[in-house]
Amino acid sequence: MKDNNKGFIYFICMVSAMGGLLFGYDWVVIGGAKPFYELYFGITDSPVMQGVAMTTALVGCLVGAMVAGALADRYGRKPLLTTAAVLFTISAIGTGLFNDFTLFNIARFVGGVGIGVASALSPMYIAEVSPANIRGRMVSLNQMTIVLGILAAQIVNMLLARDTSVAASQAWNVEWGWRWMFWAETVPAALFLVMSSFIPESPVFERIKSEKLKVKSEQASLRQLLQPRYRRVLWLGLVIAVFQQWCGTNVIFNYAQEIFVGAGFDVDGMFINIVITGIANVMFTFVALYTIERWGRRTLMLLGAGGLGVIYFVLGLCYWQGVTGVMMVLLVVTAISVYAMTLGPVTWTLLAEVFPHRIRGVAMSTCTFALWVGCCTLTFSFPSMNAVLGSNGTFWTYSLICLMAFLFLWQRCPETKGKSLEELERSLVEQNSK
């Protein structure tokens with residue numbers, strides 16, 4: 001791609017980033033639908049079935065992330081992005097359509113596969129088509145669309161849910177409300193499917209084909225990724241990916257009810273605070289679009305790890321001392337804001353930049369798989385940690401994790417801004433292998 005063709009570059013990056021929009025929406029929409037489909041399927045007294053419904057999409061994420069890289073290296077980035085759009089569309093229709101709990105979960109699994117594929121390929125594709133001087137900003141667009149998708153799901157859920165104190169409205173919620181929450185995703189999913197047909201294949205994949213790499217002998221594989229020359233950069237990618245989840249910020253979205261109720265808010269206050277955190281998430285992701293090329297990736301990662309470590313330590317102190325009210329909301333919003341302008345977008349940017357082009361697909365897939373493992377373990381561990389350690393102990397644990405990550409990033413995280421992917425390959429792999 002030529003630098004003077006920025007309009008076209010912006011267009012194809014925005015189309016690819018629609019995968020992030022659907023990723024964010026599909027990931028969060030189930031939270032608003034949860035109280036209603038549980039009543040519909042009769043699982044309100046079955047924690048196991050409730051857990052199944054909440055995790056089938058995450059299992060699909062793991063599958064999608066696991067296969068995305070190898071398939072993208074074999075067939076190209078564009079066909080896989082189109083496949084993700086198809087999966088999102090099928091899932092959006094099927095999840096709301098099915099009256100059987102098993103089929104409902106199958107539809108959620110299909111959507112999860114789409115999330116896994118999109119989360120691995122969208123940032124990678126954007127990095128490969130973008131000039132070095134705007135690459136960070138372009139990849140950050142993917143994170144921007146993720147948080148917009150999250151906010152869209154929160155708003156759609158709030159608008160569709162009718163007054164639960166009125167019997168007729170509650171009956172509508174249980175019969176139809178949760179269905180329309182999922183069906184609303186069909187519109188952006190279909191748009192992504194149509195628009196993906198207008199984007200070109202990644203120039204990196206075209207270069208790989210032009211070099212005539214033989215599938216059997218030279219195609220990127222996990223065995224090739226584990227070669228000594230790649231281990232250092234692979235370790236960097238895995239730690240960054242898992243830390244983005246285990247920094248703890250996403251539990252605020254997944255367990256907002258427990259966090260805000262523990263901070264002294266009733267149900268109405270909880271919903272208001274969820275919207276506030278969603279707005280802060282979007283606003284400070286916009287900030288990241290401007291700071292990522294000016295401050296650099298390394299600086300923002302250190303700021304995120306250090307800043308969240310301090311905020312979580314203070315948040316733990318407040319829980320310990322029984323502080324409630326506005327102070328707690330400010331701390332939570334500050335944590336979301338720091339994450340949104342640092343670890344949220346910069347993680348995807350670094351993962352898309354640090355790997356050589358011959359293994360980028362399988363490496364990105366491996367790291368995205370690790371990220372979703374981190375998401376699953378974070379999601380499942382929070383209730384137990386909260387019960388055993390209390391809210392104060394839980395956030396102090398996240399603070400310690402952030403401190404450990406800060407030390408690791410200080411030693412290992414490179415600065416990648418303004419460098420071409422070829423320059424990064426030489427500095428991060430070729431020099432370290434000598």
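Computed over heavy atoms, backbone and side chain alike; hydrogens, waters and symmetry mates excluded.
Side-chain atoms of Leu193 and Thr82, non-hydrogen and from C-beta on, do get closer than 4.5 Å to each other. Side-chain contact between Met364 and Trp348: present, with at least one pair of heavy atoms (C-beta onward) separated by less than 4.5 Å. In this structure, the side chains of Gln245 and Thr377 stay at 4.5 Å or more apart for every pair of heavy atoms. In this structure, the side chains of Ser130 and Cys13 come closer than 4.5 Å at one or more pairs of heavy atoms. Taking 4.5 Å as the limit, every side-chain heavy atom of Pro131 sits out of range of all side-chain heavy atoms of Met138. Looking at heavy atoms from C-beta onward, Leu343 lies out of side-chain contact with Leu300 at the 4.5 angstrom threshold. Phe369 places none of its side-chain heavy atoms less than 4.5 Å from the side chain of Cys61. Between Trp396 and Phe313, the closest side-chain pair of non-hydrogen atoms falls below 4.5 Å.
Note on ring orientation: taking the six-membered ring where Trp is involved, the planes of Phe104 and Phe182 are perpendicular (angle over 60°, cut-offs 30° and 60°).
Heavy atoms only, all atoms of each residue included: Val333 and Ala280 are closest at CG1-CB, 3.7 Å. Taking both residues in full, the closest heavy atoms of Pro200 and Ile12 are given as CD-CG2, 3.6 Å, listed atom of the first, atom of the second, then distance. The shortest non-hydrogen separation linking Leu151 to Ile279 is CD1-N, 4.1 Å. Taking all atoms of both residues into account, the shortest heavy-atom contact from Ala184 to Val156 is CB-CG1, 4.1 Å. Shown here for Asp26 and Glu185, the closest heavy-atom pair between the two residues is OD2-OE1, 2.8 Å. Pairing each heavy atom of Ser16 with each of Ser122, the nearest pair is O-OG, 2.9 Å.
Around atom CH2 of Trp180, no more than 12 heavy atoms belonging to other residues, nucleotides or ligands sit under 6.0 Å away. The number of heavy atoms from other shown groups lying within 6.0 Å of CE (Met195) is above 12. Counting heavy-atom neighbours within 6.0 Å of Phe286 CZ, excluding the residue itself, gives a total of 12 or less.
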Evaluation steps, ring pair (Phe, Tyr, Trp, His ring centres under 6.0 Å), between Trp178 and Phe41: CA-CA 12 Å; Trp178 63 272; Phe41 289 117; 5.6 Å; yes
Stepwise side chain to side chain contact (heavy atoms under 4.5 Å, CB included) check, Phe243 with Thr347: CA-CA 9 Å; Phe243 173 57; Thr347 294; over 6 Å; no
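To the nearest 0.5 Å, atom CG of residue Leu350 and atom CD of residue Gln244 are 11.0 Å apart. Rounded to the nearest 0.5 angstrom, Leu351 CG and Ile240 CD1 are separated by 6.0 Å. Here the OH atom belonging to Tyr398 is positioned 8.5 Å from the OH atom belonging to Tyr312, to the nearest 0.5 angstrom. Separation of atoms CG (Asn142) and CE (Met124) is listed at 11.5 Å; rounding is to 0.5 Å. Remark: Ile134 CD1 to Ile292 CD1 distance equals 12.5 Å, nearest 0.5 Å. Rounding to the nearest 0.5 Å places CG of Leu148 at 10.0 Å from CG of Leu141.
The cationic atom of Arg232 (NZ for Lys, CZ for Arg) does not lie both less than 6.0 Å from the six-membered ring centre of Trp235 and within 45° of the ring axis.
Although no hydrogens or angles enter the test, the distance criterion places no donor-acceptor pair under 3.5 Å between the side chain of Trp320 and the main chain of Asn392.
Checked against Arg297 for a side-chain hydrogen bond (donor to acceptor under 3.5 Å, both in side chains), the options Thr342, Thr416, Thr349 give a single hit: Thr416. Screening Ile401, Leu371, Val239 for a side-chain contact (heavy atoms from CB on, under 4.5 Å) involving Trp246 leaves a single residue, Ile401.
Between Glu201 and Arg77 there is no salt bridge, since none of the side-chain N atoms of the basic residue sits less than 4.0 Å from a carboxylate O of the acidic one. Using a 4.0 Å cut-off between charged nitrogen and carboxylate oxygen, Arg135 and Glu293 do not count as a salt-bridge pair.
Judged by distance alone, the side chains of Tyr37 and Arg179 never bring a donor and an acceptor atom under 3.5 Å apart.
Taking the six-membered ring wherever Trp is involved, the centroid distance between the rings of Trp372 and Phe23 falls below 6.0 Å.
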